[in-house]
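Some notes on the structure that comes next.
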Amino acid sequence: MPLSLNEIRARALAFSGEWAEVTSERAEAQSFWNEFFNVFGVNRRRVAVFEQKAARFTGSTHGRIDVFWPGVMLAEHKSEGRDLDAAYAQATDYFAGLKDAELPRFVLVSDFRRFRLHDLETGERSDFTLPELHRQIGRFGFISGYQTRSYQEEDPVNVQAAERMGRLHDALKDAGYHGHALELLLVRLLFCLFADDTGIFPRQSFHDLIVQRTSEDGADLGMWIGRIFQVLDTAPERRQTTLDEQLAELPWVNGKLFEEILPLADFNAQMRALLLDASTLDWSRISPAIFGSMFQSVMDDKARRNLGAHYTSEKNILKLIGPLFLDGLKAELDRAGNDEKKLAQLHRRLAALTFLDPACGCGNFLVIAYRELRALELEILRRQFATQRSVLAHVQDHVLVDVDQFHGIEIEEFPAQIAQVAMWLMDHQMNLRVSEQFGENVVRLPLKKSATIVHGNALRIDWNDVVSAEKLSFILGNPPFIGSKLMTPEQREDLLAVAGGLKGAGVLDFVSAWYLKAVDYIRQTEALARHSRESGNRSSPAGPDTGIRCAFVSTNSITQGEQVGILWGEMLARGMRIFFAHRTFRWNNEARGVAAVHCVIVGFAGSEISPKRLFDYQEIAGEPHEVPAGNINPYLVDAADVLLPNRSKPLCNVPSIGIGNKPIDGGNYLFTTEERDAFIASEPASAAWFRRWLGSDEFINGWERWCLWLGDCPPAELRQMPEALKRIEAVRELRKASKSPPTQKLADTPTRFHVENIPDDNYLVIPEVSSERRAFIPIGFMTPDTLCSNLVKIVPNATLFHFGIVTSTMHMAWVRTVCGRLKSDYRYSAGIVYNNFPWPELPAATDQSDGTDIRLSGAARLRGNDGQGARGHDEQGQKHRAAIEAAAQAVLDARAQFPDATLADLYDPLTMPPALVKAHAALDKAVDAAYLAAEKAAGRKPPRLTTDAERVAFLFERYQQLTSLLPEPSAKPARARKPPRAPAPA
């Protein structure tokens, strides 16, 4: 075990006194360095060599390094008074003869009286004298094992370690050693390699056993590893007195990590070399917070090629655990100050908190949460010690927070084992921090406690079997990101086992099952609390205000589109309330093969918790900023808990929306430009019946397709077009051959479409799917000579006013918040997005062509405003309507300035022309002004409309005002309205 820092300081003082009078390098240098290493409790022969021969950059061909510890330290020693700058230059000159893996991080030069330590990684240089050594021992943590590290997620050593272990895994598997035995063997080797470099084992003892005691051909390596595992699982008092000396140095680990007897693995020379290659890394640099997920990919060659794509970055984990529990505990610590009673109370509370990650993977969330809890405890201990009123003798007895407060469930065995080990490794690192702070060696070996990591299906097992609900404080984690259309049959069965009772559960994403399972679990605690209060038991849970709090990372789809009503309707009905949330942001990491997903974080509980905290992002890849919130609704907006229905008609009195045309023609009526021209050449009379055809792709990317629309063609003309008749016959046969009875019936009218939506006036075209990169969905204002497919939404009888509103940032803020998603792209819907949108309260310039009176829309019309007030409102409304129409036309004009550009070109954020940017800004100003004027006219305080969050919060408030005056909406899906037929061309 490592010496305590107090012991090291004492040894450093003795060393300084013993070597105070020595001055000659030639006589005493090697003895000096042997005793220098002994100050830190390290046998120099175990880690470093004297007089290592090495090539040089300059001077003679070869030289000899005074003290060389490969990969860690190179030391150059001189007689008293010699130039240390020259000594450093000589030391670095030897780098020419070293392999990359041997290059040291530290260069130490000395002349007996002075030391100069160079950290080549940080560039830091430290100068001190021999009498000052006892005050500088912290700089030699890389020798003593008390090295404080700042871990970097992108540190290449994390990837290198996973790659090297991956190669060893493949070699063993190819040789026939596989399955559970291989997984557990690798987990144990990971522990040993980490222990070798972090002070759990005597320095490099595992490495030395492999190098010194096993044959180069690897034939006996499996037997030695099996013997090492046995020793690590045996208490010192149960070991034979005749045990090999090197094996006897190994500590008793316990914790059941080495309990199971594995079949011996047969190694060869290549496998031995792979293990030694892995052991040459500095494993103390590998962060337990992320190495688990990195090593999960070891078991999957495909995942290893995309190494690092799936681990969760520490930065993102802190976004969740901060608002969930950490920020509150830090605030308590600030309030406690140095008050011993308050500090002790908080300390006891930390030790009583319990955590569950029901989809823990390799334990990232648990490891970071444990580290932060231990860091808080360390600060409490530091303050208690600093007051001098309570002296912490045997500080280890005062460390109360332990790994057994943490629980996890993981469906795969190898990650579950990794999570268990990662928690122990983080525990050891935090013990080192305590040791460094108080100078006392804090070691929890043998392992007496462990995190409870259950290998099982979290959606099928009772979470109470992992940790009782009445004992739990927090649920946290990052359940699987799997969309409703991408689940395996087994995953869908798991989802329905939890959510099958909900109407519409089939559209839910996989993560929804964890939300609903958590609700069941939380409600059990509340039932226990109620029973406790009724029975007068004061020692049981006190009630909802002290109940379980939960936070999950999820794809943002569960807060958008039709999933919201299904999932959150149930969550709200069962008493769950959101108390913090991160709105949509990009969840990724810094490793190779970055996997980026658009995510949200939602914290909820079975009671109202204040203050509520809402984090918004100006850019989804940017940093969050916190905005105050009175309430956070399921769309993660500061608004009432509103659930938008799949409404069949628009909320306001505006034109209806529907899908375009659905031919069911087998492609017989659709043509490219070249195909159309060729057809007309053979059938000249068909030219009058071709109309431009737009689907989503054609509309956005500007490529031409044409439709041969024969639905209105008189029979006499049709009979004069034999090539057209061939197409009609092909469509008839296609439909007759269908297995669908409705499609078979359509064979009776082969010139008609299955769905026909053919406007006879200007109309809007809205792509169903559009890239989330765009600030605006490209929306078209079309004339009736163009037909649209069912891959776009169309709004017949639309005006420039309607075009201006749906093309505005106000409408886009609504879209971004409530629409469904296809991957991360916007998926525009009629029932959720368009029909629920609160339009500005303005009068119409004229009546609609279908005769509907829309002189006042929305709440104003429903209130029946009349008289002078209504006339004044009319005048102001007409002014704002005209401004929106003018600005909308300016957007169309700006587009027209670039006739060769597609809408994809015009609305790409990198290529959007300044003229179009300016036109949209003017349109936004006109639309915002209309909304603000309507609010002022209605006697309401005009809102701030500067961010998406503010706009959507306002729109939800308007939605509530409008729906309070309407009957309950129909939940039936919208149907395409069949407009009047277009006249036949002359």
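Annotation: side chain of Ile659 is not in contact with side chain of Ile794 (no heavy-atom distance under 4.5 Å). A 4.5 Å side-chain heavy-atom check between Leu643 and Leu572 finds at least one atom pair inside the cut-off. You'll find the side chain of Val815 stays beyond 4.5 Å of the side chain of Phe837, heavy atoms only. Counting only heavy atoms from C-beta outward, the side chains of Ser512 and Gln563 approach each other to under 4.5 Å. Counting heavy atoms from C-beta on, the side chains of Asp760 and Asn797 come closer than 4.5 Å. Put simply, the side chain of Trp839 reaches to within 4.5 Å of the side chain of Phe801, judged on heavy atoms. The closest side-chain heavy-atom distance from Val654 to Ile805 is not below 4.5 Å. Cys819 places none of its side-chain heavy atoms less than 4.5 Å from the side chain of Ser829.
To the nearest 0.5 Å, atom CD of residue Glu841 and atom NE2 of residue His880 are 12.0 Å apart. With values rounded to the nearest 0.5 angstrom, Asn668 atom CG is found 11.0 Å from Leu710 atom CG. Tyr635 OH to Asp641 CG: the interatomic distance, rounded to the nearest 0.5 Å, is 11.0 Å. Going from atom CG of Leu945 over to atom CD of Glu935 covers 9.0 Å, rounded to the nearest 0.5 Å. Distance check, rounded to the nearest 0.5 Å: CZ of Phe585 to SG of Cys599 gives 5.5 Å. If you take CG on Leu508 and CD on Glu562, they are separated by 9.0 Å, rounding to the nearest 0.5 Å.
A donor-acceptor contact shorter than 3.5 Å is absent between the side chain of Asp761 and the backbone of Ala798. Judged by distance alone, with hydrogens and angles left aside, the side-chain atoms of Arg492 form a donor-acceptor pair with the main-chain N or O of Gly506 at under 3.5 Å. A donor-acceptor pair under 3.5 Å links the side-chain atoms of Asn661 to the main chain of Asn757, judged by distance alone. Between the side chain of Arg735 and the backbone N or O of Thr743 there is no donor-acceptor pair closer than 3.5 Å. A distance-only check finds no donor-acceptor pair linking the side chain of Thr807 to the backbone of Gly804 [under 3.5 Å]. Side chain of Gln560 to main chain of Arg816: a donor-acceptor pair is present (N/O by atom type, distance under 3.5 Å, no hydrogens or angles). Remark: the backbone N or O of Pro840 is not paired with any side-chain donor or acceptor of Arg958 at under 3.5 angstrom.
Geometrically, Arg676 does not engage Phe671 in a cation-pi contact defined by less than 6.0 Å to the ring centre and at most 45° from the axis.
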Original post:
Taking it one step at a time, do Val627 and Asp638 satisfy side-chain contact (heavy atoms from CB on, under 4.5 Å)?
Top reply: CA-CA 9 Å; Val627 294; Asp638 181 10; over 6 Å; no

**OP:** Starting from the C-alpha separation in whole Å, work towards a yes-or-no answer on side-chain contact (heavy atoms from CB on, under 4.5 Å) for Thr584 and Tyr617.
**Re:** CA-CA 7 Å; Thr584 298; Tyr617 294 75; over 6 Å; no

**OP:** Given side-chain contact (heavy atoms from CB on, under 4.5 Å), test Val755 with Asn790 step by step and report yes or no.
**Re:** CA-CA 8 Å; Val755 175; Asn790 60 312; over 6 Å; no

Original post:
Taking it one step at a time, do Trp814 and Phe956 satisfy ring-ring contact (aromatic ring centres under 6.0 Å, His included)?
Top reply: CA-CA 9 Å; Trp814 179 260; Phe956 269 107; 5.3 Å; yes

**OP:** Please assess Trp568 against Tyr515 for the test side-chain contact (heavy atoms from CB on, under 4.5 Å), listing each intermediate value before the final yes or no.
**Re:** CA-CA 9 Å; Trp568 289 100; Tyr515 279 81; 4.0 Å; yes

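Between Ser738 and Ser740, the side chains place no donor N or O within less than 3.5 Å of an acceptor N or O (distance only, hydrogens not considered). If you check the side chains of Asp905 and Thr902, you find a donor sitting under 3.5 Å from an acceptor.
Nearest heavy atoms, Leu916 versus Arg895: CD1-CG, 4.0 Å. Closest heavy-atom contact between Pro634 and Val564: CB-CG1, 3.7 Å. Taking both residues in full, the closest heavy atoms of Ile566 and Leu502 are given as O-CD1, 4.0 Å, listed atom of the first, atom of the second, then distance. Closest non-hydrogen pair, Ser771 versus Asp825, comes out as CA-OD1, 3.4 Å. The shortest non-hydrogen separation linking Ala949 to Asp616 is CB-OD2, 3.3 Å. Nearest approach of Pro655 to Val795, heavy atoms of both residues: CB-CG1, 3.6 Å.
Evaluation of the salt bridge (charged side-chain N to carboxylate O under 4.0 Å, His left out) rule for Asp665 yields no partner, not counting sequence neighbours. For the side chain to side chain contact (heavy atoms under 4.5 Å, CB included) test, residues two or more places apart in sequence or in another chain that qualify with Thr786 are Arg692, Leu694, Tyr763, Met782. Evaluation of the side chain to side chain contact (heavy atoms under 4.5 Å, CB included) rule for Ala581 yields Ile578, Leu614, Ile632, Leu636 as partners, not counting sequence neighbours. Residues passing the salt bridge (charged side-chain N to carboxylate O under 4.0 Å, His left out) test with Asp924: none are found, sequence neighbours excluded. The side chain to side chain contact (heavy atoms under 4.5 Å, CB included) check on Leu486 picks up Ile482, with sequence neighbours excluded. Taking Arg732 as the reference, Glu729 meet the salt bridge (charged side-chain N to carboxylate O under 4.0 Å, His left out) condition, with sequence neighbours excluded. The salt bridge (charged side-chain N to carboxylate O under 4.0 Å, His left out) test applied to Glu950 returns Arg944, not counting sequence neighbours. Scanning for side chain to side chain contact (heavy atoms under 4.5 Å, CB included) contacts around Ser789 gives Trp693, Leu791, with sequence neighbours left out.
The existence of a salt bridge linking Asp509 and Lys485 is excluded, since no basic side-chain nitrogen approaches an acidic carboxylate oxygen closer than 4.0 Å.
Residue pairs that meet the salt bridge (Lys or Arg N to Asp or Glu O under 4.0 Å) test with at least one member in residues 925-934, sequence neighbours left out, are Asp928-Arg951. Applying the ring-ring contact (aromatic ring centres under 6.0 Å, His included) rule to pairs touching residues 909-949 yields Phe776-His920, Tyr907-His920, Tyr931-Phe954, sequence neighbours excluded. Residue pairs meeting the salt bridge (Lys or Arg N to Asp or Glu O under 4.0 Å) criterion with at least one member in residues 762-783, sequence neighbours excluded, are Glu768-Lys793, Arg773-Asp908. Annotation: salt bridge (Lys or Arg N to Asp or Glu O under 4.0 Å) contacts involving residues 695-705, sequence neighbours excluded, comprise Glu698-Arg705.
Using a 30° and 60° split on the angle between ring planes, Tyr828 and His811 fall in the tilted class, from 30° to 60°.
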